[in-house]
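Reading through the structure tokens given below for one structure.
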2 protein chains.
Amino acid sequence: MATQTEEDYIKAIYKITEKNQGSASTNAIAARLSTSPASVTDMLKRLSSKDYFHYEKYKGVYLTSKGIKMATTLVRKHRLWEVFLVDKLKFSWDEVHDIAEQLEHINSDELITKLDGYLGYPKYDPHGDPIPNEAGKFTIRSQVSLFNMNANESGVIVGVREHDTSFLRYLNDLNINLGTTIKVIKHIEFDHSKKVLINNTTEEVLSQKAAHNLFLKKNKDI
Amino acid sequence: MATQTEEDYIKAIYKITEKNQGSASTNAIAARLSTSPASVTDMLKRLSSKDYFHYEKYKGVYLTSKGIKMATTLVRKHRLWEVFLVDKLKFSWDEVHDIAEQLEHINSDELITKLDGYLGYPKYDPHGDPIPNEAGKFTIRSQVSLFNMNANESGVIVGVREHDTSFLRYLNDLNINLGTTIKVIKHIEFDHSKKVLINNTTEEVLSQKAAHNLFLKKNKDI
DNA sequence: ATATATATTTAAGCTAGCTTAAAAGTCTGT
DNA sequence: ACAGACTTTTAAGCTAGCTTAAATATATAT
């Protein structure tokens with residue numbers, strides 16, 4: 001059994017390599033775990049005998065299939081617990097991350113199997129992120145960033161790129177949630193913001209940054 | 001914030017003093033936590049500055065009100081999670097202890113408040129043990145051990161004294177659960193066992209040990 | 001190509017929590 | 001009241017994971 005800290009390292013490496021194609025640097029891991037680069041080097045050396053990843057001095061680190069399995073299991077547990085917190089306990093989507101971060105370390109395969117069934121085998125978490133199945137496979141969905149949509153196109157919100165609390169609360173204020181319909185009214189060249197129609201009722205302007213963080217399933221052209 | 005280990009120590013002291021009126025000995029704590037007496041002394045010394053308990057060399061230890069608060073909160077969390085596991089996830093009452101032992105360390109007041117509401121503010125866990133409220137108060141119930149019931153008396157199972165897996169599985173085999181009706185047919189002097197009628201259908205003999213471990217709410221005499 | 005900046009590793013040392021072995025205190029029976 | 005048994009504490013030392021400071025690699029800009 002891996003310790004909680006070991007799990008945190010593996011998941012951090014997974015999240016970093018997911019973006020940075022390839023390997024995770026000492027500094028990136030340290031930043032993600034709010035610890036020092038020296039601690040990371042120390043840990044990587046101690047852990048490298050456990051076969052979760054390949055480590056070469058000064059070259060960074062990448063996960064083995066064993067490490068990927070552990071990481072996707074953690075992601076699966078995290079996202080299932082988030083569904084539980086939002087769907088059953090009625091937490092808001094901006095409140096669940098830290099609690100799920102703890103719950104993902106609970107160790108019981110039977111628990112996760114039963115929780116999955118109890119929740120109705122969800123494919124996506126409350127932020128629209130896919131929940132890997134037991135084998136670690138994700139359900140892929142065709143989606144596009146609002147930033148890449150043109151005037152007169154519309155779609156339904158299916159996910160958010162980043163889930164920091166301030167962004168999610170901002171969306172709450174705008175009444176934007178998963179399932180919300182968005183229609184692009186116009187693109188503003190000057191600062192790349194977009195004027196949009198939310199749920200066929202309210203007009204708002206979304207900044208480039210906000211638009212970039214929203215994923216939609218595009219409606220077929222009418 | 002207390003570490004998980006600190007929480008385990010406080011809960012162990014609480015459980016021991018609950019039975020042994022007064023204080024918990026080093027050996028008793030060590031036995032409960034499967035660690036060495038030397039580790040316990042070490043820990044008690046380091047922790048005694050945190051005001052959870054009074055410690056005097058060679059005299060054992062007893063909780064302060066701060067320590068009792070922590071312990072009852074842990075008991076509350078443990079038992080609420082057990083209700084969740086049995087009522088919602090359909091675990092059997094003999095499978096939930098170890099998982100709840102992990103879940104009780106999850107840190108979020110809001111989570112416990114919402115879980116409590118979601119479960120319908122239960123007063124007892126799946127073994128019939130009372131769930132302390134937020135203030136640490138237990139709901140007391142009038143109950144009697146089956147061992148102390150006489151021939152022709154009957155009642156309904158409301159709790160079990162010990163919850164070790166083998167006992168709970170034995171009860172499963174006998175179709176005895178919370179809510180089961182038991183009528184004492186006769187007391188066998190020789191070995192203090194009891195012949196009983198279960199749910200008005202099956203006759204069984206229960207040993208002194210088994211009878212001692214079962215709590216019933218007695219039916220009024222007819 | 002070399003100086004400078006940045007990234008990484010090494011070294012030394014800390015705390016929490018554990019262990020075993022030995023020392024010291026407390027209890028019990030005669 | 002004291003010998004022997006049991007309990008508790010002390011002492012020394014271990015591992016996991018952390019820190020800071022210094023040393024070493026690597027990358028970059030001229």
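Just so you know, these numbers come straight off a predicted model, no measurement behind them. Just so it is clear: chains get the letters A, B, ... in the order the sequence lines come, proteins before strands, and each one is counted from 1.
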Students often get this wrong, so: under 4.0 angstrom with heavy atoms, is A:T26 touching a base, only sugar-phosphate, or nothing?
sugar-phosphate
For the NZ atom on B:K195, are there more than 12 heavy atoms of other groups (residues, nucleotides or ligands in this structure) within a distance under 6.0 Å?
no
Cationic tip of B:K45 above B:Y55 ring, under 6.0 Å, 45° of axis
no
Out of D:dC18, C:dT26, C:dT20, which nucleotide sits closest to the side chain of B:S36?
C:dT20
Side-chain N or O of A:N27 closer than 4.0 Å to phosphate OP1/OP2 of C:dT6:
no
Let me spell it out: for each of A:Q4 and A:K59, pick the nucleotide of DNA chain D with the closest heavy atom. Which residue's pick is nearer the 5' end?
A:Q4
Does A:K57 have a side-chain nitrogen or oxygen under 4.0 Å from the phosphate oxygens OP1 or OP2 of C:dT10?
yes
According to a strict under-4.0 Å criterion, is B:R46 in side-chain N/O contact with OP1 or OP2 of C:dG17?
yes
Donor on one side chain, acceptor on other, B:Q208 and B:H212, under 3.5 Å:
no
Tell me the interatomic distance from B:I10, atom CD1, to C:dG17, atom C1', rounded to whole angstroms.
15 Å
I want to know whether A:H163 and A:H97 have ring centres closer than 6.0 Å.
no
Select base, sugar-phosphate, or nothing to describe what A:T41 touches, counting heavy atoms under 4.0 Å on all strands.
base
For C:dG17 and B:T3 - does any side-chain N or O of the residue sit under 4.0 Å from the phosphate oxygens OP1/OP2?
yes
So, is B:Y9 near the phosphate of C:dC18, with a side-chain N or O under 4.0 Å from OP1 or OP2?
yes
